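What you see is a predicted model, and the numbers here were worked out from it, not measured in a lab.
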Amino acid sequence: MKTPIASVVCIGLLVVGCGSGSSYVPPGFTPQELEWEGYHEAEKAGRLDEAADGYESMCLATPAYRRACYDHARVLDRAGKKLLCAQSAALFVSRFPGDALAPTGVKLMGRCYLDMDRAQDGIAALEELADDVKGKDAWDSVVYRIAKLHRSREDTDSEERVLERIVKKDRWESQLWGNSIWRLIEISEEKRDIDTERRLLVKFLDSRERSYLIASYNFSHHDDALLRLGKIYLQENRLEKARALFMELANWKTSRMRDDGYLWAARVRLRQGKNEKACRLLARIVEKMPAANTRKEAIELAGTIGCGQMKGVESTTHGQ
């Protein structure tokens, strides 16, 4: 005979006075939380079918216990039931698109299709889910996962078209806007489509400027974008535009790429024939940033152009 699930949890919690037939609920636990703990104990003990049945019963109850709906999909994945996992995850996201676990459910759904080597079926299922949650919080997570599946099939054109659906949204309407536009920038670079890459980089950096009106929030690739756009302008001989971006990067106190900004600003100054100013920029790296990734390159460049007395630099210009 099965031990009642509440009794199992009571024993696990060393709570006195609860057991089979008891209506006692340990302090701090709702009846649903106590029931969920029991199924979770079954899962930890390796009784995955029992846990799956329990999570499903809680998900189908009125009111549904949302966490159990997600856990039903998750434990099916653990049990190797990949298609059932994907279907359960889709149902969870469709029912509760605003739940904090909905993006994780979308990711789980996509991974289950990949595990089955059925990316195309996953794309079709996720497109259907995207229609179900259109206008809801989970929509961008679903569309982003569709793009990921296209990428797994090395279908870059389809990936690009899907990501554009997110980027067309306002920057503040999607938490995946930054990830999506940066991937589009990478695709443009891979395709050597400089015009598209430039346009997307400008749009990406403009989002940083607008964010100051709301909060001091930046995407993780904004410094990469400053460097990349500056290099494009340098390649196009738009020297002052390039220098302004490199110096903006150099003056960004929290960026990991400040030294790159100084180095490339120095290269612009060299292109302009302003070697003394280039040397001053290189000195910021050589003398003030001992751990900089570009320090060796800065030392070599400073030596080549004869920057004079700079710690660690030997001139290679031979008096030129």
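Annotation: side chain of M247 is in contact with side chain of Y262 (closest heavy-atom distance under 4.5 Å). Counting heavy atoms from C-beta outward, Y144 and P103 have side chains that stay 4.5 Å or more apart. Counting heavy atoms from C-beta outward, W182 and L201 have side chains that approach closer than 4.5 Å. A heavy-atom distance below 4.5 Å is found between the side chains of R151 and R183. M109 has its side chain within reach of L129: a pair of non-hydrogen atoms, C-beta onward, lies under 4.5 Å apart. Using a 4.5 Å heavy-atom threshold, the side chains of L249 and R258 count as separate. Considering only heavy atoms from C-beta on, F246 stays 4.5 Å or farther from L226 through its side chain. Contact of the E41 side chain with the R47 side chain is not registered, since no non-hydrogen atoms from C-beta on lie closer than 4.5 Å.
Remark: R165 CZ to S180 OG distance equals 11.0 Å, nearest 0.5 Å. Rounding to the nearest 0.5 Å gives a distance of 10.5 Å between CG of L301 and CG of L281. Distance check: E197 CD to R192 CZ gives 11.5 Å after rounding to the nearest 0.5 Å. Separating the CD1 atom in I185 from the NE2 atom in H221 is a distance of 9.0 Å, to the nearest 0.5 Å. Atom CZ of residue R145 and atom CG of residue D140 lie 11.5 Å apart, to the nearest 0.5 angstrom. Residue S141 holds its OG atom at 11.0 Å from CD1 of I146, rounded to the nearest 0.5 Å.
Of all heavy-atom pairs spanning V167 and W177, the tightest one is O-NE1, 3.1 Å. Taking each heavy atom of G98 and D137 in turn, the nearest pair found is CA-OD2, 3.9 Å. Nearest heavy-atom pair, V133 versus V93, reported as atom, atom and distance to 0.1 Å: CG1-O, 3.9 Å. Contact record, L126 with L149: CD1-CD1, 3.5 Å, taken as the closest heavy-atom pair. Across all non-hydrogen atoms, the minimal contact from A119 to L114 is CB-CD2, 4.2 Å. Contact between A64 and C59 at its shortest, heavy atoms only, is CB-O, 3.1 Å.
Checked by atom type and distance alone, the side chain of Q32 pairs as donor or acceptor with a backbone atom of P63 at under 3.5 Å. In terms of modelled atom types and a separation under 3.5 Å, the side chain of S94 and the main chain of L91 share no donor-acceptor contact. Although no hydrogens or angles enter the test, the distance criterion places a donor-acceptor pair under 3.5 Å between the side chain of H222 and the main chain of F204. Side-chain N or O atoms of R295 include one that pairs as donor or acceptor with a backbone N or O of V286 at under 3.5 Å. Remark: the backbone N or O of W252 is not paired with any side-chain donor or acceptor of S255 at under 3.5 angstrom. In this structure a side-chain-to-backbone donor-acceptor pair under 3.5 Å is present from S188 to L184.
Heavy atoms of other residues, nucleotides or ligands lying less than 6.0 angstrom from CD of E154 number 12 at most. Within a 6.0 Å sphere centred on CD of E164, other residues, nucleotides and ligands contribute more than 12 heavy atoms. For CG of D193, the number of neighbouring non-hydrogen atoms (other residues, nucleotides, ligands) closer than 6.0 Å is greater than 12. The number of heavy-atom neighbours closer than 6.0 Å to CD of E276, taken from other residues, nucleotides and ligands shown, is 12 or below. Under a cut-off of 6.0 angstrom, the local environment of NZ in K134 is sparse, with at most 12 non-hydrogen atoms contributed by other residues, nucleotides or ligands.
One hydrophobic cluster holds both L200 and V202 under the rule that ILVMFWY side chains link at heavy-atom gaps under 4.5 Å.
Between H40 and W36, the ring-plane angle classifies as parallel under the 30° and 60° cut-offs. Note: Y55 and Y39 have perpendicular aromatic rings, judged against thresholds of 30 and 60 degrees for the angle between ring planes.
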Show the atom names and distances, to 0.1 Å, of all donor-acceptor pairs under 3.5 Å that link a side chain in residues 74-85 to residues at least two apart or in another chain.
{"residue": "R74", "atom": "NE", "partner": "D71", "partner atom": "OD1", "Å": "2.9"}
{"residue": "R74", "atom": "NH1", "partner": "E43", "partner atom": "OE2", "Å": "2.5"}
{"residue": "R74", "atom": "NH2", "partner": "E43", "partner atom": "OE1", "Å": "2.9"}
{"residue": "R74", "atom": "NH2", "partner": "E43", "partner atom": "OE2", "Å": "3.4"}
{"residue": "R74", "atom": "NH2", "partner": "D71", "partner atom": "OD1", "Å": "2.9"}
{"residue": "D77", "atom": "OD1", "partner": "K82", "partner atom": "NZ", "Å": "2.4"}
{"residue": "D77", "atom": "OD2", "partner": "R111", "partner atom": "NH1", "Å": "3.2"}
{"residue": "D77", "atom": "OD2", "partner": "R111", "partner atom": "NH2", "Å": "3.0"}
{"residue": "R78", "atom": "NH1", "partner": "E43", "partner atom": "OE2", "Å": "3.0"}
{"residue": "K81", "atom": "NZ", "partner": "D49", "partner atom": "OD1", "Å": "3.2"}
{"residue": "K82", "atom": "NZ", "partner": "D115", "partner atom": "OD2", "Å": "3.1"}

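Using a 4.0 Å cut-off between a side-chain N of Lys or Arg and a carboxylate O of Asp or Glu, R153 and E159 do not qualify as a salt bridge. One finds a salt bridge joining E236 and R198 here, because a Lys/Arg side-chain nitrogen approaches an Asp/Glu carboxylate oxygen to under 4.0 Å. With respect to the salt-bridge test (charged N to carboxylate O, under 4.0 angstrom), the residues K203 and D206 do not qualify. Under 4.0 Å is where a charged nitrogen must lie from a carboxylate oxygen, and between E33 and R67 no such pair does.
A side-chain contact (heavy atoms from CB on, under 4.5 Å) with D223 holds for exactly one of R228, E248, M257; it is M257.
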| Could you go step by step and tell me if D260 and T294 meet the side-chain hydrogen bond (donor to acceptor under 3.5 Å, both in side chains) rule? | CA-CA 7 Å; D260 292 278; T294 61; 5.4 Å; no
| field | Worked check of side chain to side chain contact (heavy atoms under 4.5 Å, CB included) between F92 and D99 | value | CA-CA 9 Å; F92 164 62; D99 192 89; 3.7 Å; yes
| Worked check of side chain to side chain contact (heavy atoms under 4.5 Å, CB included) between L108 and Y70 | CA-CA 10 Å; L108 176 61; Y70 167 74; 4.2 Å; yes
| said: Is there a side chain to side chain contact (heavy atoms under 4.5 Å, CB included) between K191 and I187? Walk through the geometry before answering. | reply: CA-CA 6 Å; K191 290 182 173 182; I187 291 172; 3.9 Å; yes
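Side-chain N/O atoms of R271 and N237 include a donor and acceptor closer than 3.5 Å.
Within the cation-pi definition used here (under 6.0 Å to the ring centroid, within 45° of the axis), K169 qualifies as a partner of W139.
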